Amino acid sequence: MKPLIRFALDSSMYVARGSAIFYGWIIFLGFLSFLMLLGAYEQFTKGMIVTNYNDQVSWGLYEAQFVFLVGVAAAAVTVVFPSYVYHHKKMKEIVVLGELLAVSAVCMVMIFIMFHMGRPDRLWHLIPVIGIFNWPHSMLTWDVVVLNGYLGLNAVCAFYYLYMKYTGREVNKLFYMPLVYISIVWALSIHTVTAFLLNTMPARPMWFHSSLPIKFIATAFAAGPSMIILSFLVINKFTKLKIADEAIETLAQIVTWCLGITIFLGLSEVVTELYPSTEHSFSLQYLIFGKHGLTGLVVWYWSAVVLLLAAFFMLLTPSLRKNHKLWLPLACVFTFAGVWIDKGMGLVVPAFIPSPIGELSEYTPSAIEIVNTLGGWATGLLIFTVLAKGAIGVLLGEVKYRAATDLASEFSSEWQPVVHSSEEIRK
Amino acid sequence: MSEPRDKDEKKKDAPLKPDETSRREFLGGAGLSVTAAALSGAGALLSGSDEAEAKATWGEWFQKNYRLMTEDEKREAVLRLEKRYTEEFGKKTTVDSAPAQEGVLFGYALNIQKCIGCRRCVYACVKENNQSRDNPEIQWIRVLKMEKGNFLAENMDKGYPDPAGIQVGGNAYQNSGVVLEGEHYYEPAEVPEKGHFYFPMQCMQCEKPPCVKVCPVRTTYRDPDGIVVIDYNWCIGCRMCIAACPYWARRFNWGEPNLPAEEMNPVTHYLGNRPRMKGVAEKCTFCLQRTRQGRYTACVEVCPVGARKFGNLLDPNSEVRKILDKKKVFRLKAELNTYPKFFYFMD
Ligand code: SF4
Ligand code: SF4
């Protein structure tokens, strides 16, 4: 067990040391998370009345984040799949970063589920055996199963890989590879199940069409890798770990084609709904054009359209896509923001407008909801930053296990110079 | 960021203050929650009953799903609640736990031709079933006001016909005939209003209820007499059922319910009208605290025009069965295959 304790110690030491920018970033995120704790206290003591939810629109900002982030978590597979199925060498070196992103995204999902619940104190009712599970009937129970399973799989894979690297041993393929393949299929399942969760409600015609699950996967594989690309570019800039351009290029291609499919599916949905223009298209009409003078989401919808189209054309142009200084990151930000709008508020809220009795009422998040949402994101990014920093240390070989004998010899001989200067470590 | 937060805090404080004072008046310090007592800073108010409530809360928190409880556990839970409600509301409260009777399947029929939109049913229901009165205001029955549209001569040629002069897609830019969008916040001086008809809705007690299927913890289920019930103590507030109900029949306790003690109906049922807590779903239960004792629901009793009928669907001589036999009957959103046991009819 001793190397395990040293692993924990060494990596925390490594994470704790950083540049001023690093500390600033951590403090910023920490501050937002702290605000979220205040918001959470407010909501959990007074009830959900502090949000702007009501009986008409009973899901909103929190569920939007939940739906979107499950996609981000699932998108880790865009790193894992090419690495292990196509044996993409450059990708394989950094696959663990994708897994850590999945872990952080699932943590965020859990935070938003907490905020979604009217009685978070009773969540134990959901734990099989001590509670009861309406399985297999309730889609939410499926979601609980797949999300927790996915969290476990990724945490185990990432930890195992890093720990082996840390101790300088080879990974045991018989143990590791099956987990990797399972996690690839599992990634698809988490997002499909989340799509089914919304999809299977005839009471909400906007969600009740069969292209929703595939659109979920397409949007996830556009937004998720965009975020991975962005974090890779940041890592390239601020750390010593250099991520190969080929790896980024592969991801950029995935984003491009998934974005193309997303746009196509969006178009099909719009035409299918709006041409016959039955009562079932009211939600979409509200979203796209506004209805009866209510236009809360119209600007959002069209901004998402513009963002996604712009990103698609940037990515289609090789010279822009290969420009890692400006165009690629810009396209990634556009994709991410566009999908976030389209699949967040643009998907969740209009499904409740009009209500099943034909009533139109608008919803705008309250300040508490916004604070909690920002905090949820900050907490997730904080988790990712910490995990990724530790992982980078291990990947670079800066965090490495040295057996007691090595250590002893190092301390006994005065000749041994310090391996890394503090400047280097701080980087 | 500070400005909207402040605003928000003010917004929340405003409705909370009157509620607190009103609670204090009504409860006379008896069942005051620990938070409120701490807020008022009056240590004297922290009497023994607070402890009782705290204990009851713990007991409730650890209890099982109602259907899985043994008879003893059920009795214990009921006694605990009776004690607590009696203290909290200052009147002798009973919590019934009568199960469904054999050979009974409850059904409801509503004559939409007769309904005048007076909403007496709505208020009778609130009174009978102990809904939160305000902030959040909860009503289980909704009476939709439907507008009869007109066919106007000046609209005859407006619409899609294109400049080439050949019609392309019909000419309705406007609603004509009956407008399909219901309005249930109407406030006229007199009902019925000219040019309108009324359409009451409440939980349809579906035979194949989507709300039951989606509930992740099986807290809502259909009892043998056909009533879909909720174990309020087991609900986790995930609102899946609210999203799934095609009749918009479920309500949510967004905040701590405000039920003034003197308006509280002390004759309650565990699965029906007992006082609820914040963060759980609720809905119409066909007044099972009454109907399982052979009485009519509150809305049937109060309706001034006799538009509402209720009875046992398994009894061929019951009023509902006769209506199903003789009248023109329809179910709402029949295409969803939820098989409501709430029928609309016309003479
Ligand atoms: S009307 Fe709605 S709440 Fe009532 S049983 Fe049907 S689905 Fe459930
Ligand atoms: S809100 Fe309560 S009753 Fe409704 S689905 Fe969730 S746990 Fe079940």
Side-chain angles (χ1 to χ4, degrees), chain A residues 35 38-39 42 44-51 53-56 58-59 63 113 116-126 131-135 137-144 197-198 200-204 207 279 282 292 351-352 354-360 366-368 370-371 374, chain B residues 1 4-9 11-12 15-16 35 61 64-65 68 135-136 138 142 144 180-185 199 201 210 212-219 233-240 242-256 277-281 333 335-336 338:
Chain A
L35 284 186
L38 298 182
E42 195 71 8
F44 293 159
T45 49
K46 291 196 179 140
M48 299 201 74
I49 200 150
V50 300
T51 67
Y53 289 164
N54 49 46
D55 286 323
Q56 280 83 1
S58 60
W59 294 16
E63 294 72 22
I113 288 188
H116 165 80
M117 293 293 168
R119 298 295 307 211
D121 58 323
R122 292 186 187 159
L123 271 184
W124 63 273
H125 293 177
L126 261 179
I132 26 175
F133 224 39
N134 188 8
W135 196 83
H137 295 286
S138 170
M139 282 297 154
L140 195 63
T141 54
W142 281 82
D143 225 17
V144 172
L197 182 79
L198 306 185
T200 47
M201 293 185 185
R204 309 286 161 188
W207 292 339
E279 204 183 324
F282 282 1
H292 292 304
F352 290 83
S355 72
I357 59 167
E359 185 188 10
L360 286 115
S366 73
I368 296 244
I370 293 172
V371 167
L374 284 176
Chain B
M1 185 81 334
R5 259 186 79 82
D6 282 358
K7 255 197 220 141
D8 192 63
E9 246 138 42
K11 206 170 69 205
K12 274 182 285 99
L16 268 172
T35 352
W61 198 74
K64 279 196 272 183
N65 182 304
L68 299 183
N135 194 40
I138 295 183
R142 285 290 170 175
L144 306 192
L180 288 173
E181 282 143 18
E183 161 65 281
H184 54 96
Y185 292 110
F199 202 97
M201 283 178 82
V212 167
K213 197 171 189 176
V214 297
C215 177
V217 289
R218 304 191 194 202
T219 194
N233 273 82
W234 194 257
C235 171
I236 57 173
C238 66
R239 308 195 292 293
M240 286 296 287
I242 296 183
C245 172
Y247 304 99
W248 198 60
R250 291 205 164 214
R251 297 290 173 273
F252 195 69
N253 286 282
W254 298 103
E256 193 64 57
M277 59 293 274
K278 71 167 187 260
V280 303
K333 302 199 186 189
E335 78 275 16
L336 297 181
T338 52

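Chain letters run A, B, ... following the sequence lines, proteins first and then strands; every chain starts at 1. Quantities reported herein were computed from a predicted structural model and do not represent experimental measurements.
Only the side chain of S355(A) comes within less than 4.5 Å of a heavy atom in chain B; its backbone stays farther off. Contact of L68(B) with chain A is made through the side chain alone, with heavy-atom distances under 4.5 Å. For C245(B), the part lying near chain A is the backbone, with the side chain staying farther off; criterion is any non-hydrogen pair under 4.5 Å. Interface residue I242(B): backbone and side-chain heavy atoms are both found under 4.5 Å from chain A. Only the side chain of M201(B) comes within less than 4.5 Å of a heavy atom of chain A; its backbone N, CA, C and O stay farther away. If you measure heavy-atom distances from N253(B) to chain A, you find no contacts under 4.5 Å at all. Only the side chain of L144(B) comes within contact range of chain A, with heavy atoms under 4.5 Å apart. For F252(B), the parts sitting under 4.5 Å from any heavy atom of chain A are the backbone and the side chain alike. Of the two parts of T45(A), only the backbone, made up of N, CA, C and O, holds a non-hydrogen atom closer than 4.5 Å to a non-hydrogen atom of chain B. Interface remark: F199(B) contributes no atoms to any contact with chain A (heavy atom separation under 4.5 Å). For W124(A), the part sitting under 4.5 Å from any heavy atom of chain B is the side chain, from C-beta outward, and nothing else.
Proximity of a side-chain donor or acceptor of R218(B) to a complementary backbone N or O of I132(A) within less than 3.5 Å is not detected. One N or O on the side chain of R119(A) and one on the backbone of K278(B) form a donor-acceptor pair closer than 3.5 Å. Using modelled atom types, no side-chain atom of D55(A) and backbone atom of R250(B) make a donor-acceptor pair closer than 3.5 Å. Judged purely by atom type and a 3.5 angstrom limit, R239(B) uses its side chain to pair as donor or acceptor with the backbone of H116(A). Although no hydrogens or angles enter the test, the distance criterion places a donor-acceptor pair under 3.5 Å between the side chain of W61(B) and the main chain of D121(A). Checked by atom type and distance alone, the side chain of K64(B) never pairs as donor or acceptor with a backbone atom of G131(A) at under 3.5 Å. No donor-acceptor distance shorter than 3.5 angstrom exists from the side chain of H125(A) to the backbone of C235(B), with no hydrogens or angles considered. Without hydrogens or angle criteria, N134(A) side chain to C215(B) main chain gives a donor-acceptor distance under 3.5 Å.
For the pair A244(B) and A203(A), the tightest heavy-atom approach, listed with the atom from each and the gap, is O-CB, 3.3 Å. Taking both residues in full, the closest heavy atoms of C238(B) and W59(A) are given as O-NE1, 4.1 Å, listed atom of the first, atom of the second, then distance. The shortest non-hydrogen separation linking P216(B) to L140(A) is CG-CD2, 3.5 Å. Nearest heavy atom pair, residue R122(A) against residue V280(B), reads NH1-CG1, 3.5 Å.
By the ring pair (Phe, Tyr, Trp, His ring centres under 6.0 Å) test, F282(A) is found to be paired with no residue, residues two or more places apart in sequence or in another chain being considered.
Between chain B and the residues M117(A), M139(A), H137(A), the most heavy-atom pairs under 4.5 angstrom are made by M117(A). Ranked by heavy-atom pairs shorter than 4.5 Å toward chain A, the options N65(B), N233(B), V214(B), I138(B) are led by N233(B). The residue among G279(B), P210(B), G255(B), A249(B) with the most heavy atom pairs within less than 4.5 Å of chain A is G279(B). In terms of heavy-atom pairs under 4.5 Å with chain A, the best-connected choice from A243(B), G237(B), A281(B), P136(B) is A243(B).
Looking at R142(B) and E359(A), no side-chain N of the basic residue comes within less than 4.0 Å of a carboxylate O on the acidic one, giving no salt bridge.
Side-chain contact between M201(A) and M240(B) is present, with heavy atoms from C-beta onward closer than 4.5 Å.
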